[in-house]
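The next block holds one structure in the form of C-alpha cells; read it before the comments.
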Amino acid sequence: MKHDFSGKNIGIGLTGSFCTYQNIFQQIQTLSETGANITTIFSNHASTTDSRFGKCQDYLKRAEEISHKPPITTIPGAEPIGPKGLLDLLIIAPCTGNTLSKLANGISDTPVLMAAKAHLRNNRPLVIFLSTNDALGMNLKNIGILLNTKNIYFVPFGQDNYVTKPNSMIAHMNLIGDTIEMAFSGKQIQPVIKSPHISF
C-alpha cells in the first residue's frame, strides 16, 4: 500500500537494537518519500555506540541526510517536542526491551524517552516497533500495559526464533506504514500478533 504523509511531522526514535538498523533506515527513507517531514531522535546508546552492525557516526550522518536536519541526541533537545507540538506522530523504531520497560513505568532518562513523554502530553499517537529478546519474559507485562495505554499503538509483531530464543519477538518491518496510517485514525492495526518470523 502506498502512503501519503505529506505535511505530517513524523519523529523516529532510535534505540539500541542495532541488528535492525539497516532495515529501519530503509523504512525511514521510505517514510521521507511519502512527503513526511522527518525528525530523528537517538537514545544515548544509539548515538554513541559502535557495533558490528555499523558505526554510530555513520548512522547519525545518514539520519541527517534523510531528514535534512541534525538528529536530536540530548534530553534538553527532545523536551521542546511537547510544548512546541513539533510532531504529529512519533514512532520508536526499534524499541528495545529496556526502552519499553522504562516507557511503561514513566521513566524518561534518555532523549527517546523524553521525546515520547513530551509527545504523549499532546494526546498524539506514539507507535512502538518492538525488538526485544524478552518480550515473552520479564517484558510481557510491560507490553500489556502499553497495549492498554491511550495513544500508544504497536506495529504487529511475532516470535523471530522460537527454537533458540523463545521469548524473543520483533515487529514486522513491512507494516510500519500501515500501522502509522491506522494510528493517525486512532486505531490499532490488527492482528497485533502476526504470523511469526522464523529463523534457525
Item to check | Derivation of the side-chain contact (heavy atoms from CB on, under 4.5 Å) call for T132 and S17 | outcome: CA-CA 8 Å; T132 176; S17 184; over 6 Å; no
Checklist entry - Does any N or O in the side chain of N161 come within less than 3.5 Å of the main-chain N or O of T164, such that one atom is a donor and the other an acceptor? => result yes
Item to check | N122 (side chain) donor-acceptor with G82 (main chain) under 3.5 angstrom | outcome: yes
Next on the checklist: Tell me which pairs pass side-chain hydrogen bond (donor to acceptor under 3.5 Å, both in side chains) where either residue lies in residues 51-80, with sequence neighbours left out.
Outcome noted: N37-K69
Side chains of residues 91-100: which donor-acceptor pairs under 3.5 Å do they make with residues two or more places apart or in other chains?
from: T96; atom 1: OG1; to: T99; atom 2: N; distance (Å): 3.2
from: T96; atom 1: OG1; to: T99; atom 2: OG1; distance (Å): 3.2

Next on the checklist: Tell me whether the count of non-hydrogen atoms from other residues, nucleotides or ligands lying under 6.0 Å of CD in Q26 goes above 12.
Outcome noted: yes
Checklist entry - Checking side-chain contact (heavy atoms from CB on, under 4.5 Å) for the pair I66/F25: CA distance, chi angles, key distance, verdict? => result CA-CA 9 Å; I66 295 172; F25 271 87; 4.1 Å; yes
Item to check | From C56 atom SG to L14 atom CG, the distance as rounded to the nearest 0.5 Å | outcome: 12.5 Å
Item to check | Smallest separation among heavy atoms of D109 and K102, with atom names | outcome: OD2-NZ, 3.0 Å
Kindly list each side-chain donor-acceptor pair under 3.5 angstrom involving residues 144-155, sequence neighbours excluded, with atom names and distances?
from: N148; atom 1: ND2; to: G144; atom 2: O; distance (Å): 2.9
from: T149; atom 1: OG1; to: I145; atom 2: O; distance (Å): 2.7
from: N151; atom 1: ND2; to: N123; atom 2: OD1; distance (Å): 3.3

Item to check | Residue pair I81, L90: steps toward the side-chain contact (heavy atoms from CB on, under 4.5 Å) verdict | outcome: CA-CA 10 Å; I81 286 172; L90 172 63; over 6 Å; no
Checklist entry - Is the closest side-chain heavy-atom distance between N142 and L103 below 4.5 Å? => result no
Checklist entry - Looking only at side chains, do S168 and D160 share a donor and an acceptor under 3.5 Å apart? => result yes
Item to check | Cluster check I170, L175: I/L/V/M/F/W/Y, side chain < 4.5 angstrom | outcome: yes
